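These notes are about the structure you will find just below.
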Amino acid sequence: MNVEIKGFGLAQADKCVTNQDLMKIVETSDEWIKERTGIEQRYFSTTENTSDLGVRASLLAIEDSGIDSKLIDLIIVATITPDAMMPSTASLIQAKLGLNNQKCLAFDVNAACSGFLIALQNAQAMIQSGFAHNALVVGAETLSKILNFEDRTTCILFGDGAGAVLLSQSARNKTIGHYSRSEGDLEGVLTTDSLMLNPDFKSNLSQSNYLHMKGQAVFRFAVKAMEDAITEICRNEKISLDEIDWIVPHQANKRIIQHVATKLNIDINKFYINLNDYGNTSSASIPIALADMKNKELLRKNQRIIMVGFGAGLTWASTYFVV
Ligand code: UT7
């Protein structure tokens with residue numbers, strides 16, 4: 001059974017925060033951030049939690065697909081900043097979309113910045129197995145909740161937002177394929193604080209959950225992982241890089257993308273980049289980029305696209321699809 005991405009949507013968080021705004025909080029400069037990352041601004045959410053951003057992106061993806069929302073029978077949300085440990089953000093989105101009274105399964109996936117592609121891979125498998133017919137696949141984050149605004153090496157990188165796609169059965173020929181890998185990391189390259197055991201059985205209200213990162217180690221991993229994911233998806237799908245119209249990468253750092261372009265000898269203009277506007281929104285970055293492209297009328301029927309991501313875990317993944 002073939003599947004196809006039929007709708008795209010994105011939700012911006014409410015507060016646009018420029019590099020100049022961050023200069024009032026940490027010792028940094030607009031020049032440093034732009035030169036080292038390419039980021040000019042990001043959006044932080046002051047009112048909506050992850051599920052609210054996910055709902056807004058989902059509604060747009062559903063509308064774009066033209067599919068009756070009552071036919072959605074699977075919701076997978078990729079996030080590392082859920083509204084709560086439980087219930088899943090997908091369950092909250094199901095309820096907020098009014099999809100409770102039907103045969104529908106909702107659950108979250110945590111594969112950090114690769115999460116959206118791995119959620120998509122799961123949704124495809126569940127549709128192809130006959131379990132589901134129409135899947136909402138969402139990447140949604142409120143990373144501002146876990147940023148340490150005293151750590152200039154991380155707080156300038158990230159943003160909040162959500163992107164969603166509607167994946168459905170299709171009458172067209174095979175239009176989608178995936179590659180994904182992980183390598184467990186005990187070195188703390190990209191982590192949040194651990195949830196501590198509580199041997200005294202006392203309430204621990206002071207536990208923090210900040211993000212920590214060894215930037216240069218992540219940089220080196222990212223270049224290698226993206227190179228591998230792009231090369232392997234081309235091999236799996238028996239397609240050459242020349243035949244690809246767009247590469248939609250995880251939006252972490254423009255210099256990472258430039259390195260990959262140089263190593264694989266790909267024209268940098270084939271990479272869709274919007275991290276200058278959004279910063280790094282982790283699992284939301286790829287679906288936001290896709291919806292952004294759709295809104296700018298850059299996605300055309302039959303174009304061949306590779307999406308590629310990497311993140312904590314460590315994880316990395318790529319998806320090939322035909323628009
Ligand atoms: O979704 C995955 C998420 N993570 C990533 O993709 C991160 C990958 N890594 C990176 O993007 C880069 O490593 C960073 C952007 C995080 C850092 O860039 P870098 O070129 O690797 O900088 P660095 O860590 O080598 O630091 C260079 C200098 C240091 O000062 P000294 O020791 O040379 O005096 C830092 O203290 O830049 C300093 N620095 C800053 N200066 C101004 C670090 N952060 C800042 C800052 N503003 N925000």
Side-chain angles (χ1 to χ4, degrees), residues 17-42 78-81 109-119 139-161 163 180-183 185 187-192 210-229 248-261 263 271 273-276 278-289 307-318:
V17 177
T18 62
N19 293 345
Q20 283 82 1
D21 293 328
L22 286 179
M23 285 164 62
K24 295 175 197 147
I25 303 174
V26 281
E27 177 95 27
T28 190
S29 67
D30 180 43
E31 297 71 43
W32 192 95
I33 301 174
K34 279 206 294 231
E35 193 188 307
R36 302 284 176 132
T37 71
I39 297 166
E40 292 167 28
Q41 59 172 50
R42 72 288 292 141
T79 186
I80 52 167
T81 49
V109 160
N110 177 345
C113 307
S114 314
F116 172 75
L117 297 184
I118 289 165
E141 302 287 5
T142 42
L143 290 155
S144 55
K145 293 190 298 200
I146 61 167
L147 292 180
N148 178 354
F149 284 97
E150 290 177 3
D151 176 6
R152 67 176 183 173
T153 67
T154 53
C155 74
I156 51 105
L157 297 174
F158 297 94
D160 301 340
S180 54
R181 289 288 183 273
S182 63
E183 192 176 280
D185 162 45
E187 303 296 321
V189 169
L190 188 46
T191 62
T192 59
Y210 288 140
L211 180 149
H212 305 276
M213 188 180 69
K214 295 177 180 161
Q216 291 187 359
V218 175
F219 197 108
R220 285 192 296 274
F221 154 70
V223 173
K224 220 168 64 171
M226 281 177 62
E227 202 185 328
D228 177 61
V248 184
H250 170 45
Q251 307 284 320
N253 185 324
K254 200 171 173 181
R255 286 193 298 131
I256 293 176
I257 298 168
Q258 281 162 343
H259 268 71
V260 174
K263 282 194 110 179
F271 288 82
I273 299 175
N274 68 356
L275 59 85
N276 46 311
Y278 288 91
N280 177 348
T281 56
S282 188
S283 56
S285 88
I286 292 175
I288 286 177
M307 302 183 267
V308 57
F310 62 89
L314 301 164
T315 55
W316 63 106
S318 50

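Here the structure is a predicted model, which means the values were calculated and not measured. The residues of the chain are indexed from 1 along the displayed sequence. First listed ligand is number 1; within each ligand, the first listed atom is number 1. All values below come from the heavy atoms of this structure, side chains included, with hydrogens, waters and symmetry mates left out.
Within the 4.0 Å cut-off (strictly below), a protein heavy atom is located near atom 47 (N) of ligand 1. Distance check on atom 22 (O) of ligand 1: some protein heavy atom falls below the 4.0 Å cut-off. Less than 4.0 angstrom separates atom 33 (O) of ligand 1 from none of the non-hydrogen atoms of the protein. Using a 4.0 Å threshold on non-hydrogen atoms, atom 43 (C) of ligand 1 counts as touching the protein. Shown here, atom 5 (C) of ligand 1 is in close reach of the protein: a heavy atom of it lies under 4.0 Å off.
Scored by the ring-ring contact (aromatic ring centres under 6.0 Å, His included) test, Tyr210 finds no partners at all (sequence neighbours excluded). Checked against side chain to side chain donor-acceptor pair (under 3.5 Å), Lys254 has no partners two or more places apart in sequence or in another chain.
Distances from atom 40 (C) of ligand 1 to the heavy atoms of Phe221, Trp32, Phe158 show the closest one on Trp32. Taking only non-hydrogen atoms, the option from Arg255, Arg36, Gln216, Met23 nearest to atom 27 (C) of ligand 1 is Arg36.
The shortest N or O to N or O distance between Arg152 and ligand 1 is under 3.5 Å. Annotation: Cys113 places no N or O atom under 3.5 Å from an N or O atom of ligand 1; distance criterion only.
Considering only heavy atoms from C-beta on, Ile273 comes within 4.5 Å of Ile257 through its side chain.
Salt-bridge formation is detected for the pair Glu227/Lys263: a Lys NZ or Arg NE/NH1/NH2 atom is positioned less than 4.0 Å from an Asp or Glu carboxylate oxygen.
Residue contacts with ligand 1 for Asn280 involve side-chain atoms from C-beta outward but no N, CA, C or O (heavy atoms, distance under 4.0 Å). Residue contacts with ligand 1, taken as heavy atom pairs separated by less than 4.0 Å, involve Ile156 solely via side-chain atoms from C-beta onward. Neither the backbone nor the side chain of Thr154 has any atom closer than 4.0 Å to an atom of ligand 1 (non-hydrogen atoms only).
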Run the side chain to side chain donor-acceptor pair (under 3.5 Å) check on Ser182 and Thr315 step by step: do they pass?
CA-CA 4 Å; Ser182 63; Thr315 55; over 6 Å; no
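Ranking protein heavy atoms by distance to atom 8 (C) of ligand 1, first place goes to Gly215 O, 3.5 Å. For atom 16 (C) of ligand 1, the nearest protein heavy atom (residue, atom name, distance) is Met213 CE, 3.8 Å. Regarding atom 11 (O) of ligand 1, its nearest protein heavy-atom neighbour is Asn253 ND2, 2.7 Å.
Within a 6.0 Å sphere centred on NZ of Lys224, other residues, nucleotides and ligands contribute 12 heavy atoms or fewer.
Residue contact check: Thr37 has heavy atoms under 4.0 Å from atoms 15 (C) of ligand 1.
Using modelled atom types, one finds no donor on one side chain facing an acceptor on the other under 3.5 Å when comparing Arg42 with Asn276.
Checked against the 6.0 Å centroid threshold, Phe219 and His259 count as a close aromatic pair.
Closest heavy-atom contact between Leu143 and Ser282: CD1-CB, 3.7 Å. Nearest heavy atoms, Thr154 versus Met213: CG2-CB, 3.9 Å.
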